[in-house]
**Student:** 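My structure is below; once you've seen it, I'll send some questions.
Chain letters run A, B, ... following the sequence lines, proteins first and then strands; every chain starts at 1.
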There are 2 protein chains.
Amino acid sequence: MLDVPMSTDAERRRALSRPAVFREPGALLYAGNCSDLFDASLAGKVTLNAWTRRSYPGRDLGEALPQVLSVGGWDAVAPQDWGLKLHCNEGVKIAYLKRGSLTLTLDGQKHELQAGDMFVVRPWQLHAFGDPHVVASHIIWVLFDVGVRRPHEQWYWPDWLAWSDRDRQRLTLLLSRNEQPSYRAGRDVARSFSEIDEIVSTGDIEGEETRLRLTISMMLLSFMNQLKTQGTGLDAALTSSLRTVRIFIARLEHALDEDWTLENMAAECSLSRTQFSQHCLAITNMTPVRYLQSIRLEAAKRKLASRSGTVTEIAHECGFSSSQYFATCYKRRFGIAPMETAHQPYTAVA
Amino acid sequence: MLDVPMSTDAERRRALSRPAVFREPGALLYAGNCSDLFDASLAGKVTLNAWTRRSYPGRDLGEALPQVLSVGGWDAVAPQDWGLKLHCNEGVKIAYLKRGSLTLTLDGQKHELQAGDMFVVRPWQLHAFGDPHVVASHIIWVLFDVGVRRPHEQWYWPDWLAWSDRDRQRLTLLLSRNEQPSYRAGRDVARSFSEIDEIVSTGDIEGEETRLRLTISMMLLSFMNQLKTQGTGLDAALTSSLRTVRIFIARLEHALDEDWTLENMAAECSLSRTQFSQHCLAITNMTPVRYLQSIRLEAAKRKLASRSGTVTEIAHECGFSSSQYFATCYKRRFGIAPMETAHQPYTAVA
DNA sequence: GATACGGTGGTAAATTTTGAACATGCTCGA
DNA sequence: TCGAGCATGTTCAAAATTTACCACCGTATC
C-alpha cells in the first residue's frame with residue numbers, strides 16, 4: 001500500500017525539474033516508443049490528433065498545460081499494419097476507447113477492450129496495443145508527468161487542476177493502486193473525453209487552454225468518482241439494440257451480394273438510420289456503407305487469389321453492380337488492380 | 001468602456017481584504033437585502049439552498065470557495081407573498097431561471113423572464129425580483145466578490161478558477177459591459193447551473209468543493225463563450241410541444257370540472273406523460289397534478305367568496321369528486337376550512 | 001478513364017419515448 | 001377524522017427517433 005505524504009513546494013519543484021530518464025532505446029524502461037504510431041500517421045494510415053511536449057508525437061504544447069506530456073488520440077478508420085509493442089511511459093496514462101476495439105497487453109495479460117472502456121497505465125508499467133496489429137479504433141488519452149522519474153516515487157499533480165489537497169491525494173491513491181485492467185466509462189467520463197478530443201482536433205492551443213484545463217480536470221474528477229464508488233467494473237452488458245447490430249454485422253459477410261443500403265440494413269435491425277449508424281461506428285469505427293465496402297473488397301481479394309473466375313463474376317458475387325466501379329474501389333483500397341491479385345497468392349490485410 | 005489593466009498580486013490582495021461597505025440599511029447602495037427571502041425560507045414557503053459567507057442567508061462556506069459570497073438557489077413551488085425589493089449586491093451575480101417565470105427589474109425596467117433564461121447583475125446595480133411578489137420559480141445563482149467595494153473599481157476573479165490571464169480579462173470585459181438584460185441559456189450553461197444546484201442541495205461543503213469549483217468555472221466559461229459568440233439573445237421561440245402545453249395550461253382553468261389525470265392531459269397534447277410533465281414543470285414549476293389542484297383550489301376560493309352555494313356544489317364544479325377530500329386539501333392550502341371563506345370577502349393568494 | 005449531378009450516406013442536436021424506481025395521494029372503511 | 005393499501009403520479013437516465021444539413025458516393029454520360 002502506497003502512502004501519500006504531504007510535501008513542500010520545494011520538493012515538488014525538484015521532482016518535476018529533473019530530466020526524464022531511461023531514454024535509451026535499449027533500456028528495459030525505455031520511456032516512450034510511439035514511433036510506429038507516428039510513422040503510420042505520417043503515412044496517412046491513421047489520424048493522430050495530439051498536443052504534446054518532449055519527444056511525444058503531435059503539435060507542441062509550448063508553455064500551455066504544464067505537466068501534460070500528451071493529450072489527444074488516434075483515429076484509425078481501417079485495420080492497421082502496426083501496433084505499439086511493449087513499452088512504458090514516464091507518466092501516468094488515462095485513456096478511453098471511444099469506438100472500435102483494441103487489444104491491450106498489461107502486466108503480460110491480454111485484454112480485449114470495447115468501445116466505452118477506459119483504463120489507466122501507471123508510470124513505468126509495461127504495456128502494448130494491438131494483437132499484434134491495431135484494428136479500426138478511436139482512442140483518446142491524457143498522459144501526465146506526475147514527477148515520477150523512477151518507479152514508486154511520489155506523484156505530483158499540476159497546479160492548474162485547482163483541486164483541493166484532499167482530492168489530489170485521493171486521486172493518487174486510487175490511480176496508483178488500481179487493480180482492474182479496465183473499466184466501463186460512465187456518462188460523464190465519456191463526455192469529457194469526447195470533449196477533449198474535440199478541443200484537440202479543432203481548437204488552437206492558445207485559445208482553448210482554459211477549456212481544455214477544465215475539461216481534463218473534470219474528466220479526472222469523474223474518473224476518480226467512478227473508481228471510488230464503482231470499484232468493480234460495470235457489466236459489459238450491451239443494450240439489446242447494440243447486440244442486434246453486432247449480430248447483424250457478423251452475418252453480413254455471408255450476404256455480401258445482397259443489395260444493401262443504409263436504409264435496408266437499419267430496417268433489418270428495425271432501427272432508425274441514425275441509431276444503426278451509431279452502433280456500427282461504435283463496433284467497427286466505420287460507418288455502415290464504408291464497413292460494407294471494406295468487407296466486400298476483402299472478400300473479393302480472397303476470392304481473386306484463391307480461385308479462377310472473371311473479375312466481373314467475382315465483383316458481382318461481392319455485391320458490386322459494376323465491374324468498373326469495383327476496379328476503382330479495389331485499386332484505391334489495395335493499390336493494385338483486381339487482375340493483378342488474381343495471379344498472386346492471397347496475403348492478409350495490407 | 002471599462003478597461004482592464006494588469007495588476008499586481010499586492011493590489012489584488014488589498015482590494016479583496018477591504019471590508020464590505022455601504023452596509024447600513026439606510027444607504028442608497030445598501031449591500032444585500034435578502035431578508036424577505038430568508039424569512040420566507042424559515043417559514044417554509046420557499047426552499048432556499050445556498051452556501052454563503054458574510055451576511056447572506058444559507059449554510060456557511062467556511063474556508064471553501066474564496067470570493068464566493070453565495071452559491072445556490074431558491075425553489076418556490078407555489079406563488080409567494082414576498083418579493084426582493086430594489087437592492088444591490090457588492091458582488092457580481094450570475095443567475096439562471098431553471099423553471100417557472102420571474103419578473104426582474106433592472107435599471108428601472110421590468111423584464112419577464114422564462115424558464116431557461118440567464119442574466120447578470122453587476123456590482124452595485126439596482127435590481128428587484130417579483131412584481132411585486134415572486135411566483136412559482138426555481139432560480140440558481142453564483143454571487144462573486146470580485147473586489148469591487150465602490151462602483152467602477154477593477155474586478156478580481158478567484159485564483160481557483162484556474163483560468164489563463166487572457167480569459168480572465170475577456171470575462172471581465174464581457175460581463176462589465178453586458179447590455180442585454182437577459183439571454184437564453186445554451187445547453188452547457190443550463191447543465192452547469194443544474195449541476196451547481198444539485199451539488200449545493202445534496203452534497204457537503206468539504207467533500208464537494210472540488211466538483212463545485214470546476215462546475216462553476218465551467219459554467220462561467222460557457223457563459224462567456226455564449227456572450228462572445230451570441231451577443232444578441234436567441235429567439236425565445238418555443239418548441240412546438242412546449243407551446244402546445246402552454247396553451248393547454250392556459251385553457252385548463254376553464255375546464256376544471258373535467259376528470260383530468262396525467263394520462264388524460266398528456267394525451268390531450270398528444271405527448272408522452274414524461275414529456276408533458278417536463279414542460280409543465282418548466283412553465284409552472286409545478287408538476288401537472290399539483291398545478292391542477294392548485295388552480296382548482298384557487299377557483300374554489302374565489303367562488304366561495306363571491307357567491308352562495310353549498311361547499312359540495314362548488315367542490316364538484318372545481319373537479320373534486322368528494323367534498324371531504326376537498327375540505328382536507330383546502331385547509332392544507334389556505335389554513336382555513338371552506339366554510340369559513342364562504343363568509344369572508346375574497347382576498348388574493350395568501 | 002474523366003466528369004457532372006442527383007440521390008444516398010453521415011452527423012449532430014434537439015426532441016421524444018421507454019421503463020423502472022420511487023413517492024405520493026386518493027379512496028374506502030373504521 | 002384517521003389510517004391502510006393500492007393506484008396514480010413523479011423523476012431520472014438511457015434509448016431511440018426526428019430533423020435538418022452537408023458531403024460524397026456511384027451512376028450515367030461522354
**Student:** Which parts of residues 187-201 of chain B get close to DNA chain C, meaning a heavy atom less than 4.0 angstrom away?
**Tutor:**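 DNA chain C contact set from residues 187-201 of chain B: B:R187.
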**Student:** With a cut-off of less than 4.0 Å, is there a side-chain N or O of B:S241 near OP1 or OP2 of C:dT16?
**Tutor:**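 It does, given that an N or O in the side chain of B:S241 lies less than 4.0 Å from OP1 or OP2 of C:dT16.
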**Student:** In whole angstroms, how far is the P atom of C:dT24 from the CE atom of B:M286?
**Tutor:**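 Value for this atom pair: 17 Å.
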**Student:** Is A:T274 side chain donor-acceptor paired with the D:dT18 base, going by distance under 3.5 Å alone?
**Tutor:**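 Answer is yes: a donor-acceptor pair is held.
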**Student:** NE2 of B:H254 to CZ of B:R251: how many Å apart, nearest 0.5 Å?
**Tutor:**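 That separation rounds to 9.5 Å.
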**Student:** Quick one about B:D188 and B:N225 (side-chain donor to acceptor, distance below 3.5 Å, no hydrogens or angles considered), yes or no?
**Tutor:**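 Side-chain D/A pair, B:N225 to B:D188: absent.
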**Student:** Kindly point out which of C:dT16, D:dT11, D:dT17 is positioned nearest to the side chain of A:L271?
**Tutor:**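 Among the listed nucleotides, the one closest to the side chain of A:L271 is D:dT17.
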**Student:** I need the CZ-P distance between A:R243 and D:dA14, as an integer number of Å.
**Tutor:**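 Rounded to whole Å, this separation is 18 Å.
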**Student:** To the nearest Å, how far apart are B:L281 CG and D:dG9 P?
**Tutor:**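 Rounded to whole Å, this separation is 15 Å.
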**Student:** Considering residues, nucleotides and ligands other than A:R290, do more than 12 of their heavy atoms fall under 6.0 Å from its CZ?
**Tutor:**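 Incorrect, the count does not exceed 12.
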**Student:** Does any part of the side chain of B:Y330, heavy atoms only, come nearer than 4.5 Å to the side chain of B:V311, both counted from C-beta?
**Tutor:**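 B:V311 does not reach B:Y330 side chain to side chain.
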**Student:** Which comes earlier along DNA chain D counting from the 5' end, the contact point of B:K331 or that of A:S270, where each point is its nearest nucleotide?
**Tutor:**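 Taking each residue's closest nucleotide, the earlier one in sequence belongs to B:K331.
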**Student:** Identify all pairs in which a protein N or O lies below 3.5 Å from an N or O of nucleotides 2-9 of chain C, and state each distance.
**Tutor:**
{"residue": "C:dG9", "atom": "OP1", "partner": "A:L262", "partner atom": "N", "Å": "2.7"}

**Student:** Could you check which of D:dA16, C:dT11, C:dT16 has an atom nearest any side-chain atom of B:H279?
**Tutor:**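 Closest nucleotide among those given: C:dT16.
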**Student:** Reading DNA chain D from 5' onward, which residue's closest nucleotide shows up sooner: A:S321 or A:F276?
**Tutor:**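 Between the two, 5'-proximity favours A:F276.
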**Student:** Is the count of non-hydrogen atoms from other residues, nucleotides or ligands lying under 6.0 Å from A:D204 atom CG greater than 12?
**Tutor:**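 Check passes, neighbour count above 12.
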**Student:** Check the phosphate of C:dT18 against B:S272, side-chain N and O only, distance under 4.0 Å to OP1 or OP2. Yes or no?
**Tutor:**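 B:S272 to C:dT18 OP1/OP2: no side-chain N or O under 4.0 Å.
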**Student:** Would you say B:N285 and B:D75 are linked by a side-chain donor-acceptor pair, where the criterion is simply a distance under 3.5 Å?
**Tutor:**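 Yes, B:N285 and B:D75 have a side-chain donor paired with an acceptor closer than 3.5 Å.
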**Student:** Could you check which of C:dT17, D:dA15, C:dT11 has an atom nearest any side-chain atom of A:Q275?
**Tutor:**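 The answer is D:dA15, which lies nearest to the side chain.
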**Student:** Round to a whole Å and report the spacing from CD of A:Q278 to P of D:dT19.
**Tutor:**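 From A:Q278 CD to D:dT19 P: 18 Å.
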**Student:** Tell me whether the guanidinium CZ or amine NZ of A:K301 lies under 6.0 angstrom from the six-membered ring centre of A:F334 and within 45° of its axis.
**Tutor:**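 Judged by the rule, A:K301 and A:F334 form a cation-pi pair.
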**Student:** Can you confirm whether A:V245 sits close enough to A:F276 that some side-chain heavy atom of one is under 4.5 Å from a side-chain heavy atom of the other?
**Tutor:**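 They are in side-chain contact.
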**Student:** For the residue pair B:H316 / B:S321, report whether a side-chain donor-acceptor contact shorter than 3.5 Å exists.
**Tutor:**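 There is no such pair (donor and acceptor under 3.5 Å, judged by atom type) between the side chains of B:S321 and B:H316.
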**Student:** Return the value, rounded to whole Å, for the distance between atom CG of B:L242 and atom C1' of C:dT16.
**Tutor:**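 Those two atoms, CG and C1', are 14 Å apart.
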**Student:** For B:E268, which residues count as a side chain to side chain contact (heavy atoms under 4.5 Å, CB included) partner, sequence neighbours excluded?
**Tutor:**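 Only B:F248, B:W260 meet the side chain to side chain contact (heavy atoms under 4.5 Å, CB included) criterion with B:E268.
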**Student:** Check the distance between D:dT10's P and B:N285's CG and give it to me in whole angstrom.
**Tutor:**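 So the CG-P distance, B:N285 to D:dT10, works out to 13 Å.
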**Student:** From CG of B:L292 over to P of C:dT24, roughly how many Å is that when rounded to an integer?
**Tutor:**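 It is 19 Å, rounded to the nearest whole Å.
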